[in-house]
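Below, chain A is the first sequence line, B the second, and so on; all start at residue 1.
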Amino acid sequence: MTLSRESHTSTSNSILPQSANLLTENGKFKKSMASALPSGDQGAAEANSGNGGQMQKKPFTFNEIVLRNRLTALVVDGDNFCRLLEQGILQAYGLETQSVNNGDAAVELIASGAKFDLILIDMLLPILDGVEATRRIRAMGMRCKMLGVTACSGERERQAFLAAGVDMFVEKPLGPEILIPVLRELDGQV
Amino acid sequence: MVGTTLSQQLNNYIQTMHEQGILDYHFDHVKALQNEENPRFVMEVISMFAHDAEAGIAHLTTVLNSAVVDFAKVISFVHQLKGSSSSIGGVRMALACREIRHACDNLDKERCLQLFEGMKQEYNTLKECLNIIFEMERSIVVANETRRRQPQMLETNRHQQ
C-alpha cells in the first residue's frame with residue numbers, strides 16, 4: 001500500500017489511500033485512537049529537543065480545536081510529500097481540502113469560481129511561482145486568508161510574498177502554534 | 001500485551017530522538033495522523049520521504065559536480081529537501097539545507113560542496129533513525145494483526161472439536 005501521488009489536482013478529501021481516508025461520509029474527521037485517550041491537557045506536545053525533555057510526554061492530538069463551521073482549504077505545493085502532509089493535517093483539524101501542485105492550477109481553480117476559507121501556498125512552484133500566483137488570486141478579488149508556507153526563509157522573500165498578498169509568511173513546516181489561532185479566527189471562535 | 005509494549009518502546013525511542021535533536025515535534029504531528037484505518041501511515045510517510053530525499057540528493061550531486069553550477073537548480077532541490085525534512089521533523093537536516101541555500105546566494109560552489117557533505121551526513125543520521133521507527137511500526141502492525149486473528153483461530157478450533 002502506498003500513498004497516492006496526484007500529479008496535478010486533488011479534489012478529493014481522500015489524499016491518502018482509501019483505507020486511510022481521514023474523513024467520514026459527513027466530512028467529519030475520524031478520531032484516532034490517540035484522541036480517545038482521557039482528556040486533560042491535550043495541547044500540542046512540544047518536543048524539548050536537546051534540553052532533556054520530559055520522560056512521560058502526552059501524545060500529540062488534533063483535538064486542541066474543534067471546528068463549529070464547515071471550513072475549506074486549498075493547498076498549493078509543488079512537492080508531493082509536503083502537499084500530502086499539509087493536506088492531512090488540515091483534514092485532521094476538520095477542514096475540507098483540495099490541493100494543486102503548481103501556481104497556474106491554483107489560479108485556474110480560483111478563476112473557475114472555487115472558493116476557500118484558507119489557502120496555503122508555497123513560494124517556489126512549477127509553471128507559475130507562488131508570489132505571482134498570489135498576486136493574481138488577490139487581483140481576482142479573493143480575500144480569504146492566505147498563508148505563504150515555504151521552505152524559503154530570507155527577509156527579501158518574506159517581504160516579496162507579503163507584498164504579493166499573503167497574510168502571513170510561514171517557514172515550513174506549518175505548526176499548530178500558527179495554524180490553530182488562524183483556524184480559531186476563521187471559525188469565529190476568537 | 002505485546003503491542004502495547006512495542007508502542008511504549010517506540011514512544012521512548014522517539015522521545016530519545018527528540019532529546020538528541022534528531023527529530024523535533026513535527027514528527028509527532030505526522031505520527032498523530034496515523035489511526036486504526038491507516039495503521040501503516042507512518043511507514044508510508046517514511047518510505048516516501050526517503051525516496052524523495054534520495055532523488056533530491058542524487059540531483060544535487062549531479063548539479064554541484066558540474067563544471068558550471070546552476071545555482072538556481074541547486075536552490076530548487078535544496079528548497080525541496082528543506083521542506084520535506086522539516087515537515088517530517090528532521091530539524092538538523094533542514095538547518096543544513098538552509099546553510100546550503102545561503103552559500104548559493106553567495107554563488108560559492110566550494111562552500112556548497114562542503115555543506116552538501118554535511119547535509120548528507122545529517123540525512124544519513126535521520127534516515128537511520130527513521131528506519132528504526134519504520135521497523136518498530138511494522139512490528140506493531142504485525143503484532144496487532146496477529147492479535148486480531150487469534151480470537152478467530154480459537155473459534156475455528158472450537159467448532160472443529
If you measure from [atom1] on [X] to [atom2] on [Y], what distance do you get to the nearest 0.5 Å?
X: B:L33; Y: A:Q87; atom1: CG; atom2: CD; value: 11.5 Å
X: A:L124; Y: B:Q80; atom1: CG; atom2: CD; value: 11.0 Å
X: A:N80; Y: B:M48; atom1: CG; atom2: CE; value: 5.0 Å
X: A:E171; Y: B:R98; atom1: CD; atom2: CZ; value: 4.5 Å
X: A:D77; Y: B:S87; atom1: CG; atom2: OG; value: 8.0 Å
X: A:F81; Y: B:H51; atom1: CZ; atom2: NE2; value: 13.0 Å

Decide if atom [atom1] of [X] counts as having more than 12 heavy atoms of other residues, nucleotides or ligands within a radius under 6.0 Å.
X: A:R70; atom1: CZ; result: no
X: B:K109; atom1: NZ; result: yes
X: B:E128; atom1: CD; result: no
X: A:R156; atom1: CZ; result: no

*Of the backbone (N, CA, C, O) and the side chain (C-beta and beyond), which part of A:E86 lies under 4.5 Å from a heavy atom of chain B, both, or neither?*
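Contact with chain B involves no heavy atom of A:E86 at all.
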*asked:* Pair A:I89, B:V30 - check side-chain contact (heavy atoms from CB on, under 4.5 Å), show working.
replied: CA-CA 8 Å; A:I89 287 168; B:V30 172; 6.0 Å; no
_Could you check whether any side-chain heavy atom of B:S84 comes within less than 4.5 Å of a side-chain heavy atom of A:D79, counting everything from C-beta outward?_
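A side-chain contact exists here, since the closest heavy-atom pair is under 4.5 Å.
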Answer with yes or no whether the hydrophobic clustering places [X] together with [Y]; edges join I, L, V, M, F, W, Y residues whose side-chain heavy atoms lie under 4.5 Å apart.
X: A:L109; Y: A:I127; value: no
X: B:F116; Y: B:I75; value: no
X: A:L125; Y: A:M140; value: yes
X: B:I132; Y: B:L126; value: yes
X: B:F77; Y: B:L113; value: yes

*Largest heavy-atom contact set with chain A, pairs under 4.5 Å, which of B:S76, B:G83, B:S86, B:G89*: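 Highest number of heavy-atom pairs under 4.5 Å: B:S86.
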_Using modelled atom types and a 3.5 Å cut-off, is there a donor and acceptor pairing between side-chain atoms of B:K82 and backbone atoms of A:A151?_
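At least one qualifying donor-acceptor pair exists.
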*How about A:D122 and B:H79: does a side-chain donor come under 3.5 Å of a side-chain acceptor?*
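A pair is found: one side chain offers a donor N or O, the other an acceptor, under 3.5 Å apart.
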_Is it the case that the ring center of A:F60 lies less than 6.0 angstrom away from the ring center of B:Y25?_
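They do not qualify: ring centres at least 6.0 Å apart.
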